[in-house]
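We use all heavy atoms of the structure for the numbers below, so side chains are in, but hydrogens, waters and symmetry mates are not. These numbers come from a predicted model, not from an experiment.
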Amino acid sequence: MASRPAFLALLLMAVAAAASAQLDEKFYSQSCPSVEAVVRKEMVRALAAAPSLAGPLLRMHFHDCFVRGCDGSVLLDSTANNTAEKDAKPNLTLRGFGFIETVKAAVEAACPGTVSCADVLALMARDAVWLSKGPFWAVPLGRRDGRVSISNETDQLPPPTANFTELTQLFAAKNLDTKDIVVLSAGHTIGTSHCFSFSDRLYNFTGMVNARDIDPTLDTQYMARLRTKCPSLNDNTTLVEMDPGSFKTFDLSYYNNVAKRRGLFHSDGALLTDAFARAYVLRHAGGAFKEEFFADFAASMVKMGSVGVLTGSQGEIRKKCSVVN
């Protein structure tokens, strides 16, 4: 007879599989056949003007799915009686909320009360990657929007300071495995980060707060460049490219940087501490297997996009993404 932990793990997998099975790429084929075209029109317009928005939109979907599942809860505003996810510390640097409302309004104009904010965000994340020269994939649809958003639940989000053991635990809780960790981490190939998300690696790695207290796993030349951009632990405003030189292009250079010990976050460097993840990084560092990686990334995004989804009569279809109906 299976042990209790093993039984619970199997139950979690069964629930995730059932939820995923209820999503369908053609979910809106009758009720809102134009939804993808409407979303893409807005995405093309926005990214032509501000291509750096692609990374934040991908990150928004990731942060949504890791807390309460992909239910749009990260988009809800706080109320007088509740602090929502978006106002929790890990989410204070998220951006794109206003643009998501713009896209949702366009979808509402085409198909009132039909498409969830969770589905709009999933489509926007896919298009953010594709319009940044990354892979395209069919997005399973049919998510419903949640009505609950609690700031304290953001402790489920993998922090940039995580080691590989912590990453494994946090991803496994969402039915995501080691391959998903190393594949989805490559989302860091687009976008920027604030200095405070990694500056402890430069000045305060063990709590000594001095110029010699550095992360020994970080390439010294890269560290020196980062120090010129982030001169102190107190820098709360400066943005740094996560994938220097191609932060607006979804490509394999992320793995090349990680292989050279130039991953920006501790969690990036942690990929080299696991045998499977390290082998994956090294295989793709040279850029010779782009189509293979693109297929892997698409598969992991579909898998993540099915985490904890609400379907059927669960939840609601919000009219505006920031407030419940």
Considering all heavy atoms, the nearest [X]-[Y] contact:
X	Y	result
Trp137	Val302	CD1-CG2, 3.7 Å
Asp235	Lys229	OD2-O, 3.9 Å
Cys117	Lys104	SG-CE, 3.8 Å

Does the side chain of [X] come under 3.5 Å of the side chain of [Y] through a donor N or O and an acceptor N or O?
X	Y	answer
Tyr280	Asp296	yes
Ser151	Asp87	no
His63	Glu85	no
Asp71	Ser73	yes

Heavy-atom side-chain contact between [X] and [Y] under 4.5 Å:
X	Y	answer
Cys65	Lys174	no
Thr165	Gln169	yes
Leu264	Leu226	yes
Met124	Glu42	no
Phe205	Asp213	yes
Thr217	Arg201	yes

> Does a salt bridge link Lys303 with Asp177, judged by any charged N lying under 4.0 Å from a carboxylate O?
Replying inline: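 Salt bridge: yes.
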> With ring centroids as reference points, do Phe171 and Phe66 lie under 6.0 angstrom apart?
Replying inline: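 Yes, they do, as the ring centres are separated by less than 6.0 Å.
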>> Could you measure the distance from the OG1 atom of Thr228 to the CG atom of Leu202? Nearest 0.5 Å is fine.
In response: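 Taking OG1 in Thr228 and CG in Leu202, the distance rounds to 10.0 Å.
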> Distance from Leu184 atom CG to Phe297 atom CZ, nearest 0.5 Å?
Replying inline: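 If I round to the nearest 0.5 Å, the distance is 6.0 Å.
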> What pairs meet the side chain to side chain donor-acceptor pair (under 3.5 Å) rule with one or both residues in residues 110-134, with sequence neighbours excluded?
Replying inline: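 Found Tyr28-Asp119, Glu36-Arg126, Arg40-Asp127, Asp119-Arg143.
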>> Please evaluate residues Asp219 and Lys260 with respect to the criterion salt bridge (Lys or Arg N to Asp or Glu O under 4.0 Å), reporting the C-alpha separation (whole Å), side-chain torsions for both, the decisive distance (0.1 Å), and the verdict.
In response: CA-CA 7 Å; Asp219 175 74; Lys260 292 178 178 179; over 6 Å; no
> Could Lys86 and Phe97 be counted as a cation-pi pair, given that NZ or CZ must be under 6.0 Å from the ring centre and within 45° of the axis?
Replying inline: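 Positive - Lys86 is close enough to the ring of Phe97 and near enough to its axis.
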> Are Ile181 and Leu272 connected, step by step, through hydrophobic side chains (Ile, Leu, Val, Met, Phe, Trp, Tyr) whose heavy atoms are closer than 4.5 Å?
Replying inline: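 Ile181 clusters together with Leu272.
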> Does Phe136 belong to the same Ile/Leu/Val/Met/Phe/Trp/Tyr cluster as Val44, with side-chain heavy atoms less than 4.5 Å apart forming each link?
Replying inline: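 Per the 4.5 Å side-chain linkage, Phe136 and Val44 are co-clustered.
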>> Over 60° means perpendicular and under 30° means parallel, so tell me whether Tyr255 and Phe293 are parallel, tilted or perpendicular.
In response: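 Tyr255 vs Phe293 ring planes: perpendicular.
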>> Parallel, tilted or perpendicular, judged at 30° and 60°: which one describes the rings of His194 and Phe196?
In response: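 Correct class here is parallel.
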>> Show, in sequence, the C-alpha distance, side-chain angles and deciding distance for Ser253 and Asp251, and conclude whether the side-chain hydrogen bond (donor to acceptor under 3.5 Å, both in side chains) test is met.
In response: CA-CA 6 Å; Ser253 61; Asp251 56 24; 2.6 Å; yes
